[in-house]
Amino acid sequence: MADCLREGASGLWSILALLRENPEELKRHVAKRLMDTSIVDRAYKLDVEWRSLLTEINQLRHRHNVVSRSVGKASDPEERKKLIAEAKRLLEELSHKESKLKRIEKEREEALLALPNIVDDDVPVGDESSSKPLAYWGRPKVWKGFLEAFRRETVENGFNVDYEVIEWKPVGHADMLENVLGLGNTLKAGEVAGSRFYYLFEDIVWLDFALLLYAMDVLTSKGYKLVLPPYMLRYDVMSRVIDLDTFRDAIYKIEGEDLYLIATAEHPLAALYYKSELYDDELPIKLVGVSPCFRKEAGAGNRDLKGVFRVHQFHKVEQFVFSTPEDSKKLHEEIINNARELFEGLGLPYRIVNIASGDLGACAAKKYDLEVWMPAQGKYREMVSASNCTDWQAYRLSIRLVRRKGMERGYVHTLNSTGIASTRTITAILENYQEPDGTVVIPKILNKYLEGFKRAPKGHIEPVRKPATT
RNA sequence: GCCGCGGUCGCCUAGCCUGGUUAGGGCGCCGGCCUGCUAAGCCGGUGGGGGAAACCCCGCGCGGGUUCAAAUCCCGCCCGCGGCGCCA
């Protein structure tokens, strides 16, 4: 990224500074995202137009203020009359220019808010297929039928991943849940609530909560402050936390209220310091939020329709960090490493992917995904997403950074990462920890979060039915 | 849901009734002077925006209105506190 602008030395939002100083450079960033660069031209034009009209109006306002103030001082009634007439004339001149300004200001604001974040230099350029695996961990169980594809993706890509070949084909998570274990019912949920809803029962419910407790335990031990946030936000706030596309595709609205259900604790956590200032000596602020997440999944089509991999509601433990601009890269590594630690603790084989520019959300300058190997699908699937939003979110939420030295002002950087998302992680456990007879072993590390409860599963979950042989 | 009171530039607070100097003061913070060092003391700064700068505009919860002029008057909304009602 443009180093000279990183700290927002001017106190300006880094993207606005770049728009003014080097719009062509900003266009290159937008182009990397495979987005239409005309939004930059539009924002640039509106910004210039707005500034020139603003100057003009400020001069008029000044003249009006001067005349208006002198009315109060004038004692002669004739003089007052003349001054008031002059003030009225100026007001008239102002009024139509001001309505024009209002219009342009609104358009400018919209154009600025439509700009995506800049793209970090480390981000691979291209569409989804350009996303780059960086590291592999664990020893995936690879069914012999997936062996060729697995090797193509790992060994032939220069990653020497150790793996275990299995002769039997694992049962998919959806089948495991509903048929082999008999601990989920998405059919009834579909009937009473719609597709992508679910009932979970007994051991799986305990597992859901154990996963949350595990993530809360690990992350709070690292000094992250535990937060239970609001599950709904006002439009004004929600629209500043996320971009328009996300809003449209993910967010549920409460009818008759100015309230929107959160799609992740990231939203209320980011909003915790809405319209406030943070001093550099109190940063970084590290939070771990736990909340249900509600998602419309409007753009998902028929993808992952079975089971609980992609659903309208789930629980999630989320990491969120407010940092200084100079520390955000380091903290981005920290939060993805925390996520790695959580999944290593669970013994789930994963890889870390550096997400390509075309697949980044508008808020992120850089994003790592953690994808877990799914033995029944023969693929790595996303479990965690860790983004560095730099000052994109902070600008929209007016979260200022104040540096003690010289009391200079800028914007903080924000970062977020999944800790554990319950249902999705459960799918990974169902596929990775199943035995040929259908038993699901519970990752050892979760036992201590289960042992306090009389009816919680101990060590493993029993199948009610043998898996169908392949 | 109803009634009453309140929301002031990081925090506390004055101003509001009775519209018109640069929204005054205290605390905190930043910078400077002084000092052997620290403290105290003194001086200045401490919201957003435009401008190279001088300087100017905007800002008193949010949004409207009245007026030449609104923190101040009027209307709507949001939030907080107290009381009443309702529900558990």
Side-chain angles (χ1 to χ4, degrees), chain A residues 7-17 19-21 43-113 229-230 232-240 253-254 256-260 268 271-283 285 322 324 391 394-412:
Chain A
E7 304 208 11
S10 53
L12 274 186
W13 181 37
S14 64
I15 292 170
L16 180 57
L19 177 72
R20 287 181 181 173
E21 287 164 33
Y44 184 82
K45 191 172 146 271
L46 284 163
D47 184 53
V48 169
E49 213 176 323
W50 172 76
R51 282 191 285 170
S52 94
L53 186 57
L54 184 64
T55 303
E56 199 181 327
I57 282 177
N58 281 345
Q59 283 162 0
L60 270 173
R61 279 174 179 165
H62 176 57
R63 279 165 58 197
H64 175 261
N65 285 345
V66 169
V67 173
S68 176
R69 263 192 296 258
S70 63
V71 172
K73 286 175 190 152
S75 45
D76 176 40
E78 274 308 304
E79 180 67 12
R80 284 175 77 100
K81 239 179 169 177
K82 265 175 68 184
L83 288 168
I84 288 173
E86 166 71 359
K88 278 188 169 171
R89 198 189 58 73
L90 284 166
L91 271 186
E92 216 167 293
E93 195 177 346
L94 262 172
S95 86
H96 85 275
K97 285 195 174 161
E98 276 185 331
S99 58
K100 188 178 173 194
L101 179 74
K102 215 169 178 176
R103 203 181 65 235
I104 289 176
E105 202 160 40
K106 189 162 172 275
E107 284 177 33
R108 169 186 177 267
E109 185 70 7
E110 279 166 8
L112 289 181
L113 292 181
M232 302 175 203
L233 295 171
R234 294 182 203 291
Y235 177 83
D236 173 54
V237 175
M238 191 65 100
S239 64
R240 288 163 192 278
K253 183 182 193 321
I254 303 295
E257 304 277 340
D258 178 27
L259 286 173
Y260 296 79
L272 180 59
Y273 294 102
Y274 180 45
K275 287 186 182 167
S276 46
E277 45 193 28
L278 297 170
Y279 288 84
D280 55 353
D281 57 8
E282 62 184 324
L283 296 173
I285 294 171
F322 297 90
T324 57
D391 65 354
Y395 167 73
R396 299 161 78 97
L397 287 163
S398 291
I399 305 175
R400 306 303 303 249
L401 164 71
V402 184
R403 294 189 187 277
R404 287 286 178 199
K405 196 167 164 58
M407 295 295 277
E408 279 171 19
R409 282 163 181 274
Y411 289 91
V412 302

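Below, read A as the first sequence line, B as the second, and so on, with proteins coming before strands; counting in each chain starts at 1.
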*Looking just at side-chain N and O atoms, do Asp391(A) and Ser14(A) make a donor-acceptor pair shorter than 3.5 Å?*
yes
*Across the strands shown, which category fits Leu91(A) at heavy-atom distances under 4.0 angstrom: base, sugar-phosphate, nothing?*
sugar-phosphate
*Ignoring hydrogens and geometry, is there a side-chain-to-backbone donor-acceptor pair from Arg400(A) to Gly410(A) under 3.5 Å?*
yes
_Does Lys97(A) reach a base, just sugar-phosphate, or nothing at all? Heavy atoms under 4.0 Å._
nothing
*With heavy atoms under 4.0 Å as the rule, sort Arg400(A) into base, sugar-phosphate or nothing.*
sugar-phosphate
_Atom P, compared across A54(B) and U46(B): separation rounded to whole Å_ = 13 Å
*With a non-hydrogen cut-off below 4.0 angstrom, is Arg89(A) in contact with a base, only sugar-phosphate, or nothing?*
nothing
*With nearest nucleotides of RNA chain B determined for Lys405(A) and Thr55(A) from heavy-atom distances, which residue corresponds to the more 5′ nucleotide?*
Lys405(A)
*Would you say the side-chain atoms of Arg80(A) pair up with the backbone N or O of Val71(A), donor to acceptor, closer than 3.5 Å?*
yes
*Provide the start and end nucleotides, 5' to 3', of the part of RNA chain B that has atoms under 4.0 Å from heavy atoms of chain A.*
G10(B) to C79(B)
_First of Leu83(A) and Arg234(A) reached from the 5' end of RNA chain B, by closest nucleotide_ = Leu83(A)
*Can you tell me how far CE of Met238(A) sits from CG of Leu259(A), rounded to the nearest 0.5 angstrom?*
9.5 Å
*Measure the spacing between CZ of Arg396(A) and CG of Leu112(A) and express it to the nearest 0.5 Å.*
10.0 Å
*Mind checking the P distance from C68(B) to G10(B)? Whole angstroms is fine.*
33 Å
*How many angstroms lie between NE2 in His64(A) and CD in Glu86(A), if you round to the nearest 0.5 Å?*
9.5 Å
*Whole-angstrom distance between U66(B) and U72(B), as gauged at atom C1'*: 13 Å
_Any donor-acceptor N/O pair, Ser398(A) side chain to Ala394(A) backbone, under 3.5 Å_ = no
_Need one value for Asn65(A): base, sugar-phosphate or nothing, where a base atom within 4.0 Å counts as base even if backbone is also close, heavy atoms only._
sugar-phosphate
*Thinking salt bridges, do Arg404(A) and Asp280(A) make one under a 4.0 Å N-O criterion?*
no
*Looking at side-chain heavy atoms only, is the closest gap between Glu282(A) and Phe322(A) below 4.5 Å?*
no
*On a whole-Å scale, what distance lies between the P atoms belonging to C73(B) and C16(B)?*
9 Å
*Taking NZ, NE, NH1 and NH2 as the nitrogens, is one of them in Arg61(A) or Glu98(A) under 4.0 Å from a carboxylate oxygen of the other?*
yes
*Using Watson-Crick and G-U wobble pairs whose two distances are both under 3.5 Å, how do you write the pairing of RNA chain B as dot-bracket, with | for links to another strand?*
((((((((.[[[[.)....(...]]]]((((((.......))))))((((....))))..[[[[[..)....]]]]])))))))....
*Given the P atoms of U13(B) and C81(B), what is the spacing between them in whole Å?*
16 Å
*What interatomic distance, in whole Å, is found between C1' of G7(B) and the corresponding atom of G63(B)?*
16 Å
*Determine the Euclidean distance between corresponding P atoms of G25(B) and G44(B); express it in Å to zero decimal places.*
10 Å
*Spacing of the C1' atoms in C3(B) and C57(B) (rounded, Å)*: 42 Å
